[in-house]
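First the structure, in the form of structure tokens, and then the observations on it.
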Protein chains: 2
Amino acid sequence: MHAAFEKEFHYSPLIRKLDSIFPLSADERQAVLDLPMQIAALKEDQDIVREGDRPGRSFQILSGLTCTYKMTGDGKRQIVAFGIPGDMPDIQSLHLKVLDLSVATLTPCSVGFVPHDALWDLCLRHPRLCAAFWRESLVEAAAFREWVLNVGRREAYPRMAHILCELLVRLRAVGLAEDHVCDLPITQAEFADALGITTVHVNRVLQQMRREGLIATKGSRVAVPDWEWLKAEGDFDPTYLHLQHSGAVQ
Amino acid sequence: MHAAFEKEFHYSPLIRKLDSIFPLSADERQAVLDLPMQIAALKEDQDIVREGDRPGRSFQILSGLTCTYKMTGDGKRQIVAFGIPGDMPDIQSLHLKVLDLSVATLTPCSVGFVPHDALWDLCLRHPRLCAAFWRESLVEAAAFREWVLNVGRREAYPRMAHILCELLVRLRAVGLAEDHVCDLPITQAEFADALGITTVHVNRVLQQMRREGLIATKGSRVAVPDWEWLKAEGDFDPTYLHLQHSGAVQ
DNA sequence: CGGCGTATTGAGATTCCTCAATTACGGTGG
DNA sequence: CCACCGTAATTGAGGAATCTCAATACGCCG
């Protein structure tokens, strides 16, 4: 019984995500549970996959936070997405042989690797699951587009507010945030790489936010006293996250 | 015969793209040709679809240039992608009901609308075609990631050089550019919205590029005297375009 | 020959950056 | 419980890239 429980536990972020897209049939659910998955426990600040890799498997985040990033030729880093439990940041490697991105852990993480051939097999047998994976990659693309808008057309202050909104909404959707409080173990240097600004500037923006009462922090814990206010400052509209199937407060 | 020829002509960008991903069987080819497609001729500077729409069809660009863009709440525009013949910029609407992006023509365009149910039917009957469409949306996502990197971590000059590289390589891949010359009917204001900078600054960057001989322009015609030089200035590595199947010079 | 959209120019303002300390904090060993 | 260490956060001052706001010039179309 213990092994079965552990399996449910490990697969649950994926099952949960697929199930939120459309209710899984018993058959489909079983097919996902039958996926071979190699669990790995990773320390923080460790690359899971790296640009240029040709992996034969994709992974799912079971617990912990990751970031997806790219580097310029002169060594500047840009984070293009944060990964939370249930995400599969390198699902693209199923179709595209050479990875054009890297994924690193921000915290200790547990991830599950699934061989590509098993995923292919699943997709062929279960068109609806195939559609769900495809859909997930489209949602991911929508988030990249919003990220471009954020970095390209918002100033540092609303840019930071926007990222905080996105993180909070997504964490709520997977049950990792109470209404307006969550744990964000992300350093200012990491925020800087996500926002396309400097660590120093991140620091100043955060100070201003705290001074004005837009957010309150204690360690890595972030509280948002007035959600509507933060949304307004961040010019945040959650449509692009395509979460309508979850009942999360937005 | 005339009608058949016209059909081949209209479908060719799509067939060509799918065929470049993997050689189509006669069956698959015919299935694509059998897709109902409504052709429309559009003027320049016209929205094809708009954020918030719930289209029941997707479109393919048959000729002309488009841009995919988003707006901030205070009316600033960010272009997140350029579309060229063969692209399907709103394929996401097949899975995501509400559009989170807008697509507009930059030049007069011919586009082909395909109803979603026909696409779903095609995907169910032909898993390889489904995979090809999915793959295309992943390539698109890879381009968004690079766009984030470009806007977030490169200064205006290399940022512009990078966009020029991307456009040139993609246009070459569909036969719309000679080796190092192409037609880019994109205004400086449109480049500004793509790069996340000001029209004034685009102008100054382009002047510098011309002064230094990195590019030469005549009307909307752009010539690149030294491709390797432009690539170097733009920190451009075409891996993210995942074009390995085409024989284009990169 | 106008007229209109696009490109160009100039000068002053801003945001954000760079560089270099300095301080705070979480965890560790004594 | 406290001293110590390393990472992360904070601060200050000067500089650079980019913006804003006009104003002017160009080029194509009718």
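Per chain, numbering begins at 1; letters A, B, ... match sequence-line order.
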Subject >> Nucleotide D:dT7, atom P - distance to CG of A:Leu106 in whole Å >> reply: 17 Å
For nucleotides 18-24 of chain C, list the nitrogen or oxygen atoms of the protein found under 3.5 Å from its nitrogen or oxygen atoms, one pair per line.
none

Original post:
Heavy atom of residues 207-220 of chain A under 4.0 Å from DNA chain D: which residues?
Top reply: A:Gln207, A:Arg210
Subject >> Interatomic distance where OH belongs to B:Tyr157 and C1' belongs to D:dA16 [whole Å] >> reply: 18 Å
Subject >> Non-neighbouring partners of A:Asp90 that pass salt bridge (charged side-chain N to carboxylate O under 4.0 Å, His left out), sequence neighbours left out >> reply: none
**OP:** Output all residues satisfying side-chain contact (heavy atoms from CB on, under 4.5 Å) with B:Thr105, sequence neighbours left out; order by chain, then residue number.
**Re:** B:Leu42, B:Gln46, B:Ile48, B:Cys109
**OP:** Kindly write out the residues that satisfy salt bridge (charged side-chain N to carboxylate O under 4.0 Å, His left out) with A:Arg204, not counting sequence neighbours, or none if the list is empty.
**Re:** none
**OP:** To the nearest 0.5 Å, tell me how far B:Glu166 CD sits from B:Asn150 CG.
**Re:** 8.5 Å
**OP:** Let me know the distance between CE of B:Met160 and P of C:dA7, rounded to the nearest Å.
**Re:** 10 Å
Original post:
Partners of A:Ala189 by side-chain contact (heavy atoms from CB on, under 4.5 Å), sequence neighbours excluded?
Top reply: A:Thr187, A:Thr199
**OP:** Not counting sequence neighbours, which residues clear salt bridge (charged side-chain N to carboxylate O under 4.0 Å, His left out) with A:Glu178? List them please.
**Re:** A:Arg221
Original post:
Within the pair B:Asn203 and C:dT8, is there a side-chain N or O less than 4.0 Å away from OP1 or OP2?
Top reply: yes
**OP:** Considering only NZ, NE, NH1 and NH2 on the basic side and carboxylate oxygens on the acidic side, decide whether A:Glu233 and A:Arg154 come within less than 4.0 Å.
**Re:** no
Subject >> Partners meeting side-chain contact (heavy atoms from CB on, under 4.5 Å) with B:Asp53 (sequence neighbours left out) >> reply: B:Val49, B:Arg50, B:Pro55, B:Leu99
**OP:** Grab the CG-P distance between A:Leu195 and C:dC17 for me, whole Å please.
**Re:** 10 Å
**OP:** Could you tell me which residues satisfy ring-ring contact (aromatic ring centres under 6.0 Å, His included) with A:Phe113, sequence neighbours excluded, listed by chain and number?
**Re:** A:Phe59
Subject >> side-chain contact (heavy atoms from CB on, under 4.5 Å) partners for A:Leu176, two or more places apart >> reply: A:Pro85, A:Leu171, A:Val174
Original post:
Of A:Arg153 and A:Gln188, whose closest DNA chain D nucleotide lies nearer the 5' terminus?
Top reply: A:Gln188
Subject >> Value in whole Å for how far the C1' atom of C:dA7 lies from CD of B:Glu190 >> reply: 13 Å
Subject >> Whole angstrom value for the distance that separates P of D:dT18 from CD1 of A:Ile197 >> reply: 15 Å
Original post:
Looking at five pairs on each end of the helix from C:dC1-D:dG30 to C:dG30-D:dC1, what is the angle between the two axes, given to 10 degrees?
Top reply: 40°
Original post:
What's the NZ-P distance between B:Lys76 and D:dC19, to the nearest Å?
Top reply: 10 Å
Subject >> salt bridge (charged side-chain N to carboxylate O under 4.0 Å, His left out) partners for A:Glu140, two or more places apart >> reply: none
Original post:
What is the distance from CG of A:Leu206 to P of C:dC16, rounded to the nearest Å?
Top reply: 14 Å
